[in-house]
Amino acid sequence: MVAALVFSLSGIAAFAQKITVRSPNQKIKVSLFNSRNQDAGAWYLATTYSDSGKTSEVVPRIDLGLSRSDQDFSGELKFLKAGKPLLISEQYTVPHGKKSVCSNAASEVTVSLENPSKAKLNIIIRAYNDGVAFRYEFPEKQGTFEVKEEHTAYSIPGETARWMERWNPANEGLYTAMSGDKVQQQEWGYPALFRSKDSACWYLLHESDVNRTYCGSKLSNQGEASKYKLAFPNPKDGRGTGASAPTISLPWKSPWRVMVMGGLDAIVSSTLVDDVAPPSVVKNTDWIQPGKVSWNYWSSNHGTKDFKVVKEFADLASEMGWRYTLLDWEWDAMSNGGKVEDAAKYILSKGVKPLIWYNSGGNHTWVSATPKDRMLTHQNRVEEFTKLKKMGFAGVKIDFFESEKQDMIRYYLDILEDAAQFEMLVYFHGCLVPRGWARTYPHLMTYEGVRGAEWYNNGPEFTGTAPEHNTILPFTRNVVGAMDYTPVTFTNSQFPHLTSYGHELALSVLFESGLQHLADRPEGYYALPDAAKAFLRAVPNAWEETRLLEGYPGRDVVMARRKGRTWYIGGINAETREKKKTLRFDFLPPNATYKLTLIADGQHDKAFATKYLVVDRSGSVEVGLLRRGGFAALLEPVL
């Protein structure tokens with residue numbers, strides 16, 4: 001691998017306009033070009049993907065550069081050198097996610113440039129087997145500056161198909177599928193999914209390792225339909241609090257700009273966003289326990305005010321063997337037989353661990369719901385975490401951030417660092433989408449940042465859009481990190497769902513979240529037939545392996561996940577026609593037999609059809625899916 005990389009760089013002296021970095025498996029190539037074909041000027045990257053003898057141009061141009069408050073690093077940059085090729089190779093383990101053992105393996109080259117005033121800018125370029133990552137570095141040792149603009153921009157050919165979510169501060173939009181003359185011009189959130197015009201390669205644009213030294217970014221093609229430029233937060237975000245442009249102190253490195261790349265199966269199984277993030281700062285992770293959660297808000301928006309409702313959901317978690325239950329907003333107004341202290345004692349007495357909600361507080365949110373401001377400062381957090389630990393709470397849900405400005409990024413990370421000192425689990429709502437933080441702070445269990453089942457409370461729209469939306473999320477939002485969609489509801493909230501019971505059951509496998517809030521009311525679960533109820537008792541929410549078996553965004557998806565030797569499969573249909581799928585088991589190990597429990601759609605959307613078979617890797621079974629239907633399956637090794 002090293003020899004191949006060195007060969008790729010051997011032309012640097014003669015052709016200063018270009019260097020090339022190849023992935024360890026040689027399938028992905030990222031090259032640096034000069035727009036004038038000279039040693040100085042503007043620089044850009046281009047990426048290609050090769051598979052089965054076919055090479056596809058993926059992104060033909062990624063413009064590079066930054067503008068600081070003191071000077072520019074974009075249009076007139078002189079090539080100085082390319083550093084020695086490095087082979088990045090490390091393995092790490094995580095307590096929750098789509099796989100338990102992850103590999104950070106890439107070829108890396110650092111390119112050194114300077115502007116006319118001799119100020120230096122480095123570009124660190126990595127090629128992975130499942131994508132490309134690059135970042136900027138100012139290597140000089142002193143100086144504090146505002147970054148006025150980042151010039152990173154992805155030029156995407158018009159024929160490229162794309163699935164993108166219109167930017168909104170809570171990241172709770174629907175995805176729009178576009179190509180050709182249907183491409184809309186506006187601001188877009190991460191992650192964004194693309195399929196190359198020859199259909200040979202898929203890629204997902206995102207960012208990782210956003211830390212205190214920068215802000216979150218988004219994509220904008222407002223200036224030119226085919227060019228997605230990185231944009232800083234809107235000054236109005238967070239009620240106008242905080243600066244839109246970040247301030248940096250040298251030396252400094254930017255967040256990673258990430259392209260996950262390959263077939264759809266590679267997109268779904270990738271951990272690249274976490275791979276490029278810093279290692280865990282939490283040494284002992286034994287206390288970080290993923291689990292399923294009972295949650296009363298979906299079925300009763302004011303449920304936590306009622307002590308009896310809280311008890312019912314604690315009983316549900318205990319009956320189903322789920323580790324947690326959540327006290328959502330209004331816990332500080334609890335009545336009807338008990339207060340929050342009584343609730344904590346009751347929950348613990350049932351062998352369940354309580355979680356608790358907070359408003360993020362501060363002037364950045366219009367939401368006045370209490371308790372407010374108890375997470376806002378280090379002193380607030382220390383006082384509150386001390387109380388919570390004494391009462392037996394295991395974690396906190398913190399809501400309504402409404403901004404990705406630099407000051408808000410610092411606030412998120414301050415919360416995580418203080419929580420680690422008290423061994424408190426954390427999850428964010430009304431928030432950004434994952435940026436690799438779960439690797440660095442593994443007690444960050446999940447994020448909202450998704451239009452989830454809560455939207456059945458917000459109006460009639462989600463009833464019709466949820467089936468298609470559910471088949472897009474495994475290829476987009478859930479690829480980049482845990483997703484608190486709050487799935488698996490069989491009864492109705494304020495507005496009904498059209499998805500079948502089989503579809504809803506499948507979401508327990510398809511959607512990954514370190515804390516998986518199963519959102520239905522107790523009677524919705526108690527009324528299930530024994531096989532479905534047993535499945536929801538057993539299904540994990542932290543995995544050792546994830547595989548896409550079949551699917552296409554907006555149509556259908558079938559996914560398998562493994563825990564130990566046991567496999568769980570979920571499949572859903574978005575379309576308004578019935579389908580038949582052939583479920584093949586060639587992902588199973590050789591010379592092993594498995595007991596299959598298949599829980600599929602029955603005669604109508606509120607019925608199941610369950611069958612039991614013995615299979616091995618040579619076998620297959622046909623599964624019928626109703627319109628907007630689905631199925632779940634369990635594969636247990638036969639001893």
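For reference, positions follow the sequence shown, starting with 1. Just so you know, these numbers use all the heavy atoms, side chains as well, and skip hydrogens, waters and symmetry mates.
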Measure the spacing between [atom1] of [X] and [atom2] of [Y] and express it to the nearest 0.5 Å.
{"X": "Asn211", "Y": "Arg435", "atom1": "CG", "atom2": "CZ", "answer": "12.0 Å"}
{"X": "Tyr594", "Y": "Glu636", "atom1": "OH", "atom2": "CD", "answer": "10.5 Å"}
{"X": "Leu473", "Y": "Tyr175", "atom1": "CG", "atom2": "OH", "answer": "7.0 Å"}
{"X": "Glu512", "Y": "Thr446", "atom1": "CD", "atom2": "OG1", "answer": "7.0 Å"}
{"X": "Thr110", "Y": "Arg126", "atom1": "OG1", "atom2": "CZ", "answer": "9.0 Å"}
{"X": "Lys595", "Y": "Leu635", "atom1": "NZ", "atom2": "CG", "answer": "11.5 Å"}

Determine whether a donor-acceptor pair (N or O, by modelled atom type, separation under 3.5 Å) exists between the side chain of [X] and the backbone of [Y].
{"X": "Arg617", "Y": "Ala592", "value": "no"}
{"X": "Thr546", "Y": "Lys98", "value": "yes"}
{"X": "Ser360", "Y": "Asp399", "value": "yes"}
{"X": "Asp616", "Y": "Thr593", "value": "no"}
{"X": "His96", "Y": "Pro442", "value": "yes"}
{"X": "Ser270", "Y": "Ile267", "value": "no"}
{"X": "Lys54", "Y": "Ala200", "value": "no"}
{"X": "Lys27", "Y": "Asn129", "value": "no"}
{"X": "Arg135", "Y": "Ser254", "value": "yes"}
{"X": "Arg381", "Y": "Met375", "value": "yes"}

Ignoring hydrogens and angles, state whether a donor on the side chain of [X] or [Y] is under 3.5 Å from an acceptor on the partner side chain.
{"X": "Asp274", "Y": "Tyr92", "answer": "no"}
{"X": "Ser620", "Y": "Arg584", "answer": "no"}
{"X": "Tyr136", "Y": "Thr152", "answer": "yes"}
{"X": "Ser31", "Y": "Thr20", "answer": "yes"}
{"X": "His517", "Y": "Tyr427", "answer": "yes"}

Do [X] and [Y] make a side-chain contact, defined as non-hydrogen atoms from C-beta onward lying under 4.5 Å apart?
{"X": "Leu596", "Y": "Val614", "result": "no"}
{"X": "Lys397", "Y": "Trp295", "result": "yes"}
{"X": "Leu515", "Y": "Asp484", "result": "no"}
{"X": "Tyr49", "Y": "Ser196", "result": "no"}
{"X": "Pro279", "Y": "Arg439", "result": "yes"}
{"X": "Phe73", "Y": "Val147", "result": "no"}
{"X": "Gln289", "Y": "Lys353", "result": "yes"}
{"X": "Val21", "Y": "Phe134", "result": "no"}

Practice problem: Check each of Arg451, Glu404, Glu165 against Asn171 using the side-chain hydrogen bond (donor to acceptor under 3.5 Å, both in side chains) test, and report the only one that passes. | Solution: Glu404
Self-check item: Qualifying residue for side chain to side chain contact (heavy atoms under 4.5 Å, CB included) with Tyr154, from Leu230, Thr47, Asp63
Solution: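 So the option named by the test is Leu230.
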Quiz prompt | Working for ring pair (Phe, Tyr, Trp, His ring centres under 6.0 Å), residues Trp202 and Tyr552 | solution = CA-CA 11 Å; Trp202 295 76; Tyr552 190 91; 5.5 Å; yes
Which pair of non-hydrogen atoms, one from [X] and one from [Y], has the smallest distance, and what is that distance?
{"X": "Thr566", "Y": "Pro637", "value": "OG1-CD, 3.8 Å"}
{"X": "Val210", "Y": "Gly216", "value": "CG1-N, 4.0 Å"}
{"X": "Val352", "Y": "Arg323", "value": "CG1-O, 3.5 Å"}
{"X": "Asn541", "Y": "Ser513", "value": "ND2-O, 2.8 Å"}
{"X": "Met164", "Y": "Ala192", "value": "CE-CB, 3.7 Å"}
{"X": "Val539", "Y": "Tyr568", "value": "CA-CE2, 3.7 Å"}

Quiz item: What do the steps show when you test Phe393 against Leu355 for side-chain contact (heavy atoms from CB on, under 4.5 Å), and what is the final call?
Solution: CA-CA 6 Å; Phe393 283 91; Leu355 308 167; 5.7 Å; no
Geometric class of the [Y]/[X] ring pair [parallel <30°, tilted 30-60°, perpendicular >60°]:
{"X": "Trp287", "Y": "His443", "answer": "tilted"}
{"X": "Trp437", "Y": "Phe428", "answer": "perpendicular"}
{"X": "Tyr190", "Y": "His206", "answer": "perpendicular"}
{"X": "Phe401", "Y": "Tyr412", "answer": "parallel"}
{"X": "Tyr203", "Y": "Phe194", "answer": "parallel"}

Quiz prompt | Reference residue Arg547; test salt bridge (charged side-chain N to carboxylate O under 4.0 Å, His left out); the match among Glu550, Glu545, Glu544 | solution = Glu545
Practice problem: Go through the steps to decide whether Val426 and Tyr441 satisfy the test side-chain contact (heavy atoms from CB on, under 4.5 Å), and finish with yes or no. | Solution: CA-CA 10 Å; Val426 175; Tyr441 304 98; over 6 Å; no
Going by an N to O cut-off under 4.0 Å, is there a salt bridge joining [X] and [Y]?
{"X": "Asp209", "Y": "Lys253", "value": "no"}
{"X": "Arg212", "Y": "Asp414", "value": "yes"}
{"X": "Glu207", "Y": "Arg257", "value": "yes"}

Self-check item: CG/Asn284: more than 12 non-hydrogen atoms of other groups inside 6.0 Å
Solution: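 Buried by this count: over 12 neighbours within 6.0 Å.
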Practice problem: Might you work through the side-chain contact (heavy atoms from CB on, under 4.5 Å) test for Asn478 and Phe511, ending with a clear yes or no? | Solution: CA-CA 7 Å; Asn478 212 184; Phe511 294 165; 4.1 Å; yes
Exercise. Apply ring pair (Phe, Tyr, Trp, His ring centres under 6.0 Å) to the pair Phe585 and Trp567, showing each step before the final yes or no.
Key: CA-CA 10 Å; Phe585 305 110; Trp567 286 89; over 10 Å; no
Quiz item: Given the rule in the side-chain contact (heavy atoms from CB on, under 4.5 Å) test, do Tyr214 and Ile409 qualify, once you have shown the distances and angles that lead to the verdict?
Solution: CA-CA 8 Å; Tyr214 214 58; Ile409 299 298; over 6 Å; no
